[in-house]
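To start, the structure itself, in structure tokens.
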Amino acid sequence: MDPDAGGSSSSPPPPSATSGAGAETKEEERGSQQVVLVLVGPPGSGKSTFAEAVVGGSTAGRPWVRVCQDTIGNGKAGTKIQCLKAASDALKEGKSVLIDRCNLEREQRADFVKLGGTLHTDVHAISLDLPAKVCISRAVSRKGHEGNLQGGKAALVVNRMLQKKETPLLTEGFSRIMCCNDDGDIKKAVDLYNGLGPSDSLPSGVFGQKSKKPVQVGIMKFLKKADTSSVETSSGPKLALTEIKPAQQNPLPKQENVEAGFACPMEVEKGLNDKMENEEHAKEIDYCDVGSRTLAFPSISTADFQFDLDRASDVIVDTAFKFLQKFDNIRLVLVDLSEKSRILSLVKQKAAKKSIDSNRFFTYVGDITQLHTKGGLQCSVIANAANWRLKPGGGGVNAAIYNAAGESLQHATKKCADALRPGTSVVVPLPSTSPLHQREGVTHVIHVLGPNMNPMRPDYLKNDYTRGSKILCEAYNSLFESFASIVQSYMGKQNNESGAEKSASGGTSPNDTKMKREDSHGSERMKKHKLFQPIMTSKQQHECTKVNGPKCHADAMTSSAVPSQTRQVDNKRNDVVTRKTWGSWAQSLYELAMNPEKYKNSDSILETSDEYIVLKDLYPKAKRHILVISRMDGLDSLADVKKEHLPLLRRMHSAGVKWAQKFLEEDAALEFRLGYHSVPSMRQLHLHIVSQDFNSASLKNKKHWNSFTTSFFRDSVDVIEEIEQNGSTTTSSDEKILAMELRCHRCRSAHPNIPKLKSHIAICKSSFPSHLLQKNRLLSSTMHMDRK
DNA sequence: GTTCTAGAAC
DNA sequence: GTTCTAGAAC
């Protein structure tokens, strides 16, 4: 990606620069070589002169039709409807159309952009940004103007119109915007369009814009469903995924009051009444919220890594579809710089087939580093198609993002990770000092590394698309999961704040997040596991025989041990038999629970009762890590727990809380979680009480980490609630959870290995994901103090 | 659960 | 050469 092409060029390249590509795509994108050219300018800005020069001076054979509202009614002023019809007719005849009317406000030009979109035609804007005094001077002094706007009246009209001018944006649906600031610019633009042959196309982007000051734009368009009621000319399947088109947008609330009685001579304006303003204002409250729930991402691996576009689009649509099903209130925007982007068109088609909600997933043509200032899109989180070293450079999106974000992104990235493996991502909170943060409102950059099909780049997959697609799928899943974590964290804060307010006013407790997600792996995964129980492999059978044989460990000393090792657990759903075997090494907790008196002198035992034993974990995975071990024989793990065990579980939980509080008194900086391993390694039901620093030499591998930070770890409060409701718990035995990538339990950033992860968690100060902040899943000193 | 260690990754 | 992971043994 050339970041410059998205916006700052002052002199556009000649049409020949892309004419070859235009011809190449002609057949597959029928009609795309046609153009709807919308002029934007007040009276006196030179629209008519421009239009006549283009329509009458075409040297390259492109057929043009000028649609001029001032003359469309048999030489007299007509209506917008007439203009739309004339434009539509001309486009259907294969001609390009030049819309010669003021079009200063978005609403005025929206239908023309929509028309172009409906007929799959590029829509360009020429913004005639000449100084107001020049326009006024010309308008006042001209004679015989087609719209009969001249003299003193013209000065008044031009002045008022300019006050309400809204600069055209790419998000309105324009693929290309040229701003002409003087007659020289106008001449260049005329020459450009005169030289445009029938099959030529022009590069997308904004050209010649002088003002760097962002135009006030609204996000309301983003919240409102597409208006499909007008221009019903589309045939074929309903387009479910669309680029943002102005037809989807609403007029922006004006900063200045609109004079309701004012009417432009060329077009009757619609004033905004109070009701509309209030509605828009109410939606504006959601403005920040929408931005913080929107992820803008480039296509991964399809540029420099040369991944097949068709396969990539399948992966994008599939992963996005599944992700959006899992989460409410999240939006994904696939961004590409080029209007001719094949990946965008493929994704659009495929998403349409899947009927993905276009308000929640759409494509956008523009520069991912200028979404707000150039496109009016607020996206707090953007993804970067990173390289494995997480370093700047290399061109494309990576270079553009590092350039736009400044050095602070490098520093922030280095704090999070040193490298990425294909198929993973890492979340980097963007410092508020970064220009990208300040200018565009980007708070996080998620670096993603996809599979590589380029022999000149690392980790070349040699066209192995089975592996490549899998890795690309992992990459997008990782990206989306990372994004969800950020949103969760954000929404958790929101909920907590609103909850705190409610509590203060004696109201109800904080609401749960709107998100469907239960934890970092999602509810869907858990549901699947409800229906799947492992059946013993021959190897396990062998192990079982070994354990049960005469030479088995002395731990299996009680007769009850034997049936428990091959216990058959009824599964109410499908009657699949579940068996769990315990190796000799896994029996130590069981032995302790059955014979605590043998260990009464051990320093590790903190407390003993008839029901449970509190033990310091022999290999603590954090500063504080203890176990509350049930003493009930036959209760090996969560899979054995039934309703009748609820009192025991509640007392074990209370014991755990009591000890956590004791530790919090000693060290207020700690936080604790209480929970069970979904499928424990050690026999005998035991509750972990583990501080969330995870600062321990005994935490050595991925399995250790994931067993405490993924859905493998079942919070005690959830276990109790589930048993209260269902009479049993759902336990997952999916080893894939334990083999998943390493993610920070706070900010959910991914890390390549345990040492890097440990370095990160030692400094990560992010708040915990919101679900942990609910239902007392996380015990902290502040809660502890509250309870006193 | 840990320890050991081959070999992959760096 | 060193670091790190993952599988086997216990």
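Treat the numbers as computed from the prediction; the structure is a model and nothing was measured. Throughout, a chain's letter reflects where its sequence line sits, starting with A, and its residues are numbered from 1.
Residues F712(A) and H677(A) place their aromatic rings such that the two centres sit under 6.0 Å apart.
Taking the side chain as every heavy atom from C-beta outward, Q661(A) and L779(A) never approach each other to under 4.5 Å.
Residue L589(A) is classed as having no contact, given no heavy-atom separation below 4.0 Å to the nucleic acid. Using a 4.0 Å heavy-atom cutoff across all strands shown, H686(A) reaches no nucleic acid atom at all.
Residue-nucleotide stacking is present for W585(A) and dG1(B), judged by a side-chain ring centre under 5.5 Å from the six-membered base ring centre and planes under 30° apart.
Dashed line: the shortest gap from a side-chain N or O of K703(A) to OP1 or OP2 of dG1(B) is not under 4.0 Å. Phosphate proximity of dG1(B) to H704(A): absent, as no side-chain N or O sits under 4.0 Å from OP1 or OP2. Considering only side-chain N and O atoms, K621(A) lies under 4.0 angstrom from the phosphate OP1 or OP2 of dT2(B).
For K756(A) and dC10(B), the NZ to P distance is 9 Å, given to the nearest whole Å. Per the geometry, CG belonging to D459(A) stands 15 Å off P belonging to dA8(B), to the nearest Å. With rounding to whole Å, K758(A) atom NZ is found 10 Å from dT5(C) atom P.
Considering L687(A), L778(A), N776(A) in turn, L687(A) is the only one that fulfils the side-chain contact (heavy atoms from CB on, under 4.5 Å) rule with L674(A).
Using cut-offs of 30° and 60° for the angle between ring planes, the F708(A) and H688(A) rings count as perpendicular.
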